[in-house]
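Notes for the one structure printed next.
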Amino acid sequence: MSTTPVKVAVTGAAGQIGYSLLFRIASGAIFGPDTPVELRLLEITPALKALEGVVMELDDCAFPTLAKVEIGDDAEKMFDGVNHALLVGARPRGPGMERGDLLEANGGIFAPQGKALNKVAADDIRVTVTGNPANTNALIAMSNAPDIPQERFAALTRLDHNRAISQLAAKLGVPVTEIRKMTIWGNHSATQYPDLFHAEVGGKNAAEAVNDQDWLANTFIPTVAKRGAAIIDARGASSAASAASATIDHVRDWALGTPEGDWVSMSVVSDGSYDVPEGLISSFPVTVKDGEWEIVQGLEIDDFSRGKIDASTKELAEEREAVKGLGLI
Ligand SMILES: NC(=O)c1ccc[n+]([C@@H]2O[C@H](COP(=O)([O-])OP(=O)(O)OC[C@H]3O[C@@H](n4cnc5c(N)ncnc54)[C@H](O)[C@@H]3O)[C@@H](O)[C@H]2O)c1
Ligand SMILES: O=C(O)C[C@H](O)C(=O)O
């Protein structure tokens, strides 16, 4: 086992997602069995007692890969020297709300956290935002951290990506392992566009394998895009274990690379690729090598897909204007 632990900060560590996420990270699910991790857990002051209980449970697991755990309510202390920051801590939406409705309540969390990361994080810091509205919260954190390269900020659309794979596999009666090159475009919101035209099933085009435009447009896309709301409706609380699992998948692939012949969906800063306005944090198909992501280039975008991508990025542009208005960027 290597001796230098990877330092991973998790915010909102006493919350629902935290309760799934921490144990997976500590058990080596991101960096593997030979890399120790040090956890830095940030919470608001009233949640620190509950967090102490979670740390007692982490201790009781005796994970060989867990080198150290620190907890606290001071972002600058918790983020000091961290290599990965998983920004989960934010209020979840309730029934009848859209994620964008959380902008005012949650946006304010990400400006000071961006500033703290800018000041004290390690030079190789990578920041993943799970807390909603994830894309615009990532934009806020990025905009408040001018010394960290913009490419080091990402928002989570891996849960949507995994949901899309699962729905497609169920429709075609194939294992999820048959599915490659799934893409979520745009915002982690009801306007997101899960794209079957570039996905593959057993090496063949997924839209052709489905051969049912009505299912694709009127069942598949809304089922994936509204899955979060369906879970809130059924569970009375927003997705937690699946969100934690997607966060693990996202950080692992960012750190260790994407598999040959496949790509993943990550919300990253747009360089204008696919006519997504520059500077927005929008979901794209990406490959990762040596810790650096690249947007997959050269995919043909037909009129149907164009309309869907434009609708979602228009919403992201509106969210950007809203947080400008709130003075957060
Ligand atoms: N991107 C995605 O795919 C996805 C999926 C599921 C949930 N989410 C979002 O993740 C967020 C967390 O969800 P949850 O179910 O764990 O919520 P939760 O309410 O159970 O936990 C949130 C935790 O964040 C803490 N917190 C609040 N402000 C903080 C701050 N400034 N610093 C540190 N911690 C702070 C709270 O004390 C709480 O313990 C929500 O915004 C939810 O909507 C995103
Ligand atoms: O839907 C939500 O509000 C939670 C999360 O973003 C999800 O997609 O499950």
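Both ligands and their constituent atoms are indexed starting at 1 by order of listing.
Annotation: atom 27 (C) of ligand 1 to nearest protein heavy atom, Ile44 CG2, 4.1 Å. Nearest to atom 43 (O) of ligand 1 among the protein's heavy atoms is Asn132 ND2, 2.8 Å. Among protein heavy atoms, atom 1 (N) of ligand 1 sits closest to Thr130 O, 3.1 Å. For atom 22 (C) of ligand 1, the nearest protein heavy atom (residue, atom name, distance) is Ala90 O, 3.5 Å. Among all non-hydrogen protein atoms, the one lying nearest atom 15 (O) of ligand 1 is Gln16 NE2, 3.1 Å. At the top of the distance list for atom 2 (C) of ligand 2, counting protein heavy atoms only, stands Arg93 NE, 3.2 Å. Among protein heavy atoms, atom 21 (O) of ligand 1 sits closest to Gly15 CA, 3.2 Å.
Every atom of ligand 1 with a heavy atom of Leu156 under 4.0 Å away is listed here by number and element: 1 (N), 2 (C), 3 (O). With ligand atoms numbered from 1 in the order given, ligand 1 contributes 30 (C), 31 (N), 32 (N) to contacts under 4.0 Å with heavy atoms of Gln113. Residue contact check: Ile109 has heavy atoms under 4.0 Å from atoms 28 (N), 31 (N) of ligand 1. Of all atoms in ligand 1, listed by their number and element, those nearer than 4.0 Å to a heavy atom of Ala243 are 5 (C), 6 (C). Close approach of ligand 1 to Leu159 is summarised as follows: ligand atoms under 4.0 Å from at least one heavy atom of the residue are 3 (O), 5 (C). Every atom of ligand 1 is numbered from 1 in the order shown, and the set under 4.0 Å from a heavy atom of Gly12 is 23 (C), 24 (O), 25 (C), 33 (C), 34 (N). The contact set between ligand 2 and Gly228, taken as ligand atoms under 4.0 Å from a residue heavy atom, comprises 1 (O), 7 (C), 8 (O), 9 (O). Less than 4.0 angstrom separates some heavy atom of Pro92 from each of these atoms of ligand 1: 17 (O), 19 (O), 40 (C), 41 (O), 42 (C), 43 (O). Proximity to Ala14 (heavy-atom distance under 4.0 Å) selects the following atoms of ligand 1: 39 (O). Close approach of ligand 2 to Arg99 (heavy-atom distance below 4.0 Å) involves ligand atoms 1 (O), 2 (C), 3 (O), 5 (C), 6 (O), 7 (C), 8 (O).
The proximity of His188 to ligand 2, defined as any non-hydrogen pair under 4.0 Å, is limited to the side chain. Contacts with ligand 2 closer than 4.0 Å are made by no heavy atom of Glu98, backbone or side chain.
Remark: side-chain polar atoms of Glu43 are paired, donor with acceptor, to backbone N or O of Ala14 under 3.5 angstrom. Here the side chain of Thr157 pairs no donor or acceptor atom with the backbone of Ser283 at under 3.5 angstrom. Arg235 places a side-chain N or O within donor-acceptor distance of the main-chain N or O of Ser238, the cut-off being under 3.5 Å. In this structure a side-chain-to-backbone donor-acceptor pair under 3.5 Å is present from Arg40 to Asp80. With Asn106 contributing its side chain and Arg91 its backbone, the two residues share a donor-acceptor pair below 3.5 Å. Judged by distance alone, the side chain of Asn144 and the main-chain N or O of Leu328 form a donor-acceptor pair under 3.5 Å. Between the Ser270 side chain and the Gly279 main chain, no donor and acceptor come within less than 3.5 Å of each other.
Considering Phe79, Phe31, Phe153 as possible partners of His84, the one that fulfils the ring pair (Phe, Tyr, Trp, His ring centres under 6.0 Å) test is Phe31.
By the neighbour-count criterion of 12 heavy atoms within 6.0 Å, atom CG of Asp147 is densely surrounded, having more than that number from other residues, nucleotides or ligands. Annotation for Tyr19: atom OH does not count as buried by contact number, only 12 or fewer foreign heavy atoms lying within 6.0 Å. Summarising the local packing, CD of Glu300 is surrounded by 12 or fewer heavy atoms from other residues, nucleotides or ligands at distances under 6.0 Å. No more than 12 heavy atoms of other residues, nucleotides or ligands lie within 6.0 Å of CD in Glu104, so this atom counts as exposed by the packing criterion. The number of heavy-atom neighbours closer than 6.0 Å to CG of Asp303, taken from other residues, nucleotides and ligands shown, is 12 or below.
A salt bridge between Lys324 and Glu321 is present, with a side-chain N of the basic residue lying under 4.0 Å from a carboxylate O of the acidic one.
The heavy atom nearest to atom 39 (O) of ligand 1, considering only Arg227, Met97, Glu43, His188, is found in Glu43. Residue nearest to atom 12 (C) of ligand 1, selected from Val88, Asn137, Ile232, Leu102: Val88 (by heavy-atom distance). When the heavy-atom distances from atom 7 (C) of ligand 1 to Leu48, Ile17, Leu42, Thr11 are ranked, the shortest goes to Ile17.
Residue contact annotation: Ser239 has a non-hydrogen atom under 4.0 Å from ligand 1. Residue contact annotation: Ile231 has no non-hydrogen atom under 4.0 Å from ligand 2. Ligand 1 is never approached by Arg99 to a heavy-atom distance shorter than 4.0 Å. Under a 4.0 Å heavy-atom criterion, Lys226 is not in contact with ligand 2.
Between Asp160 and ligand 2, no N or O atom pair is found at a separation short of 3.5 Å. Taking any N or O of Ser238, backbone or side chain, none lies under 3.5 Å from an N or O belonging to ligand 2. Polar contact check, Ala47 against ligand 1: no nitrogen or oxygen pair lies under 3.5 Å apart.
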Given the rule in the side chain to side chain donor-acceptor pair (under 3.5 Å) test, do Thr247 and Thr130 qualify, once you have shown the distances and angles that lead to the verdict? CA-CA 7 Å; Thr247 302; Thr130 296; 3.3 Å; yes

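In this structure, the side chains of Ser245 and Arg24 come closer than 4.5 Å at one or more pairs of heavy atoms.
For Tyr274 and Trp185, the distance between ring centers is under 6.0 angstrom.
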